[in-house]
Amino acid sequence: MTHLGELLKARIERDGPISLHDYMEMALSHPKHGYYARQSPFGAAGDFITAPETSQMFGELIGLWAVDVWAKLGHPGKVYFLELGPGNGTLMRDALRSARLVPEFLAAAEIHLIETSARLKERQAETLDDHDIHWHDELPDLAGAPVILIANEFFDALPIHQYSRQSGTWFERMVSNRDGKFSYQLADAPASITSAPPAEDGDILELCPTGDRMVEEISKLIFREGGAALIIDYGATETLLGDSFQAMKRHEYADPLASPGEADLTTHVRFSRLREIALSYGITVQGPTPQGRFLERLGIEARHHQLKKNANEAQRKNLDAQLKRLVSSSEMGTLFKVMALSHNTSVATEGFGS
Ligand code: SAH
């Protein structure tokens, strides 16, 4: 049993079964023993590789996307450039490198990172040591300039509640301790769910209150100050039902209840729900569009070609593999989706089909 497992067990003994939401939140974000407090979850030596850790091309193209939004906003003299859950800080570093092509953007951009893990904040400070950075634990209420916000694999890491439909009623799925092992158990009393899609007995519903709240806050901020947000994550465009709770440990799928704190836990992002929330705040939504198509529209082929020109044989092979990983539908190209929110119809269109 992991250290965090012992803490969870003690809590269950004291309070009874806990929601999957609380299990996931503690397993990922416990300040000392949670997954994100660990040394290095991302990258080849960690448990999973995100797009910015796969290739510099990813962050560079997102940087150019941000510059394009800034230009369409009318080249404001100040812009807030935000990232949610920046991990190692790699995406922001690569984005700022490609944005050097437009020094006026860099001069205008005030960088804000939203990160809860103290260890990852340190890591981000090392990666971005030649930039001025403002850190926050929560989305800050900024004012006086438009906002450009990036969130890659952020929403999939937020804790969810799961409900199971039995005899026409939703019951929350709880985590209990059975003979020293964590297992699922339905709550005794029915849950009161106000907005569920049509469902049948046996269906699973996942709700992510933090994700909903984040999109509400982003929408309000962008509506008020102007600007755009880019949300990149994996999940189906429309599906709302189904159990998508999963664990990754050393690049393999694992049992999410087996070793809390030692495996990365994620769920699929429900894009249609986030879209509905943003629309209800008067926001313009682009996508979701598949990541592969988005990167192709931003010119990943040309960037790949350019990088290969100065590369040796091994590097060229590596660049080909990176391109395939990011855009191929057998890898990240289709499962991952990109959705943009903006305050009007024309600022965040780059990368999305007409
Ligand atoms: N965007 C990075 C890392 C994704 S992992 C990449 O693509 O490589 C998720 C990130 O979100 C981590 O940095 C984690 O510490 C952070 N995080 C998770 N929950 C958070 C919350 N509620 N508020 C702020 N950051 C959070």
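This one's a predicted model, so the numbers in the text were calculated from it and none came from an experiment. Counting starts at 1 for both ligands and their atoms, following the listed order.
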Hydrophobic cluster identity match, Ile232 and Phe154, side-chain contacts under 4.5 Å | no
Remaining members of hydrophobic cluster (4.5 Å side-chain criterion), Leu205 | Tyr163, Trp170, Ile193, Leu207, Leu241
Quick one: side chains of residues 7-19, donor-acceptor pairs under 3.5 Å with protein atoms, not counting sequence neighbours, listed by atom name and distance.
{"residue": "Arg11", "atom": "NH2", "partner": "Asp22", "partner atom": "OD2", "Å": "2.9"}
{"residue": "Ser19", "atom": "OG", "partner": "Asp22", "partner atom": "N", "Å": "3.1"}
{"residue": "Ser19", "atom": "OG", "partner": "Asp22", "partner atom": "OD1", "Å": "3.4"}

Exactly which residues line ligand 1, taking a heavy atom under 4.0 Å from it as the test?
-> Tyr36, Phe42, Thr50, Pro52, Gly85, Pro86, Gly87, Ile114, Glu115, Thr116, Ser117, Leu120, Asn152, Glu153, Phe154, Leu158
So Glu206 and Thr267, side chain to side chain donor-acceptor pair (under 3.5 Å) or not? Walk me through it.
-> CA-CA 9 Å; Glu206 297 180 340; Thr267 64; 4.8 Å; no
Validation: residues 282-292 side-chain donor-acceptor distances under 3.5 Å, sequence neighbours left out:
{"residue": "Thr289", "atom": "OG1", "partner": "Arg297", "partner atom": "NH1", "Å": "3.2"}
{"residue": "Gln291", "atom": "NE2", "partner": "Leu326", "partner atom": "O", "Å": "3.1"}

Check whether any side-chain heavy atom of Ile218 sits under 4.5 Å from a side-chain heavy atom of Leu84, and report yes or no.
-> yes
